[in-house]
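Chain A is the first sequence line, chain B the second, and so forth, proteins listed ahead of strands; every chain is numbered from 1.
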Amino acid sequence: MSVRVRIAPSPTGNLHMGTARTAVFNWLFARRHGGQFLLRIEDTDRERSRQAFTDSILTGLRWLGLDWDEEMVFQSRRNRDHREAIAALLATGQAYRCYATEAELNAMREAQQAARQAPRYDNRHRRLSHEQIAAFQKEGRPAVVRFRIDDTEEILWQDMVRGPMRWRGADLGGDMVIARRAPAHEIGDPLYNLAVVVDDIAMGITHVIRGEDHIANTAKQLLLYNALGAPQPSFAHTPLILNKEGRKLSKRDGVTSIDDFQALGYTAAAIANYMCLLGWSPPVELGERFDLAAAAAVFGFDRVNKAGGRFDWDKLKWLNSQVLHAMDGATLRDALLPRWQAAGLNTDQPPAWQEKLAALLGPSLVVLQDGVEQARPFLGRPEPDDASRVQLQVEGCQTALRHVLRHRPQAFEPSAAKALLTAAARAAGVRKGVVMKGVRAALLGRLHGPDLLLSWELLHGVGEDDRRLRAALQ
RNA sequence: GCCCCCAUCGUCUAGAGGCCUAGGACACCUCCCUUUCACGGAGGCGGCAGGGGUUCGAAUCCCCUUGGGGGUACCA
């Protein structure tokens with residue numbers, strides 16, 4: 001059987017970490033088995049759905065490298081199918097109209113809670129007489145459509161992550177609403193569980209891979225598959241991504257959308273890698289650092305964990321730094337350039353020079369955005385910080401700088417420059433460290449940064465070294 | 001409340017009854033490299049939630065307790 005899986009986000013927010021991770025597992029599974037990975041936008045909640053969110057989801061998935069097969073499906077355009085399915089269920093008596101009012105239902109739930117019972121619909125309109133129905137309709141009462149769920153029903157499935165699962169119909173909360181309230185002769189807006197099943201059937205989905213927060217939905221949906229006479233797909237309920245406090249990661253946790261991570265300077269490679277590591281333990285041969293294609297070659301739910309995993313910034317940062325450190329100058333320069341420009345830095349230098357700068361900065365970057373502050377002394381004309389000012393006043397520092405300026409060679413040569421620093425220290429009668437810190441302070445305006453000689457060489461390359469050295473002299 | 005799920009270092013995890021004196025990664029600490037900051041290298045700290053069983057033998061199997069999470073919509 002060929003594998004067909006899907007990711008079905010609702011466009012009510014930007015692409016979320018949790019959604020992206022579910023997408024990763026789906027993608028991995030599809031690629032592992034040479035199947036299809038499909039995309040369905042569940043935009044039936046018109047109040048909350050927005051085009052901008054759909055765009056965020058699409059660009060985010062592409063950015064991560066999660067390419068989908070076939071044309072994406074918009075759930076809102078499949079409304080007719082959903083209604084037909086509801087009509088069919090109505091026709092076979094597996095669904096019925098419930099005329100209970102909201103007030104009536106609320107009163108019922110309050111009574112249940114007062115009696116310390118689980119809130120549930122008591123199936124009161126399941127067997128209405130013709131007279132009662134006629135009376136409600138004469139009243140003009142609208143109705144929802146409910147799907148019958150017998151309390152005695154036993155729902156069993158083999159979960160690819162959790163093994164054998166069992167759910168009782170009695171724990172599903174009574175007959176479930178599958179169509180919103182509407183005039184009694186119509187069928188209202190189809191609801192989530194029904195739409196999902198109808199669409200998954202239509203799309204030929206063979207494996208439903210989603211977060212464990214959907215387990216109860218699975219029990220309901222399995223019943224719907226039977227009622228609609230469709231074969232049941234396999235299910236895999238993946239562990240959730242938890243926040244620092246151990247709760248399900250939500251928008252309230254601050255940075256949770258893929259767009260946010262991208263803006264901060266995390267790479268798609270690191271994020272994809274990290275999402276794999278959260279909940280799945282790769283076989284040892286794969287190691288911890290890998291790309292999606294490598295993971296896809298060995299992915300399986302047998303190594304997916306059951307317990308939720310806490311999102312760990314430190315690990316993601318480490319992974320990201322590893323990705324950045326492995327980049328060559330040209331690649332890194334291309335990634336940094338837009339950020340330099342956005343920060344208003346001067347980027348008129350030749351690309352080759354910028355690549356050298358990127359390569360110099362590379363090892364100290366954790367996120368791409370770090371490359372902005374760190375490049376500032378090279379691309380701009382930074383004000384020296386306090387520590388630098390102090391350094392330039394250190395006994396003998398000025399003398400040494402003057403020596404350096406007086407004896408500087410025309411063409412920059414690292415070993416010559418190094419020798420010059422030694423000579424300057426001797427001439428000024430100070431330790432070499434004083435000279436090195438002094439030159440650094442003069443050139444960069446800071447005391448910390450990448451290798452001094454390489455930094456110097458770069459500034460020399462754009463004719464900035466003399467000017468800065470002179471400016472540092474009183 | 002009710003239903004379901006889960007439980008190994010601070011975090012992510014390896015572990016399928018003897019290979020476990022519980023392994024790895026991140027974080028943290030120390031040292032080396034480096035007259036800066038990083039990178040890199042070497043080492044260290046640190047854990048089977050508790051209690052009962054089963055077994056010659058349990059991190060691994062069973063039960064209970066505790067703890068944590070998810071779900072309980074006319075949202076998706």
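Using a 4.0 Å heavy-atom distance criterion, A:Lys248 is classed as a sugar-phosphate-only contact. Within the nucleic acid shown, A:Gly246 comes within 4.0 Å of sugar-phosphate atoms alone, with no base atom in reach, counting heavy atoms only. Within the nucleic acid shown, A:His214 comes within 4.0 Å of at least one base atom, counting heavy atoms only. Within 4.0 Å (heavy atoms only), A:Leu447 reaches at least one base atom of the nucleic acid. Residue-level contact check: A:Pro450 touches the bases, meaning some heavy atom is under 4.0 Å from a base atom. At the heavy-atom level, A:Thr44 lies under 4.0 Å from the strands shown only through sugar-phosphate atoms. Contacts of A:Val177 with the nucleic acid, taken as non-hydrogen atoms under 4.0 Å apart, involve only primed sugar atoms and P, OP1 or OP2. Residue-level contact check: A:Gly287 touches neither bases nor backbone, having no heavy atom under 4.0 Å from any strand.
Of all the residues in residues 295-313 of chain A, A:Arg303, A:Asn305, A:Lys306, A:Ala307, A:Gly309, A:Arg310, A:Asp312 reach under 4.0 Å from RNA chain B with at least one non-hydrogen atom. Residues of residues 116-125 of chain A that place a heavy atom closer than 4.0 Å to RNA chain B, in numerical order, are A:Arg116, A:Ala118, A:Pro119.
Side-chain rings of A:Phe37 and A:Phe29 stay apart, their centers remaining 6.0 Å or farther from each other.
Taking the six-membered ring for Trp and thresholds of 30 and 60 degrees, A:Phe299 and A:Phe25 have ring planes inclined between 30 and 60 degrees apart.
A:Arg333 places no side-chain N or O within 3.5 Å of a backbone atom of A:Glu355 that could act as its donor or acceptor partner. The closest donor-acceptor contact from the side chain of A:Gln393 to the backbone of A:Gln398 lies at 3.5 Å or more, if one exists at all.
Separating the C1' atom of B:U60 from that of B:C48 is a span of 10 Å, rounded to the nearest Å.
With sequence neighbours excluded, the residues that form a side chain to side chain donor-acceptor pair (under 3.5 Å) with A:Asp159 are A:Trp157, A:His237.
Rounded to whole angstrom, the span from the CG atom of A:Leu249 across to the C1' atom of B:G69 amounts to 14 Å. Atom CZ in A:Arg146 sits roughly 10 Å away from atom P in B:A73 (whole-Å rounding). For the pair A:Leu172 CG and B:C2 P, the computed distance is 18 Å after rounding to whole Å.
Across all strands shown, B:G1 pairs with B:U72; the Watson-Crick or G-U wobble distances both stay below 3.5 Å.
Between A:Glu395 and A:Val430 there is no side-chain heavy-atom pair separated by less than 4.5 Å.
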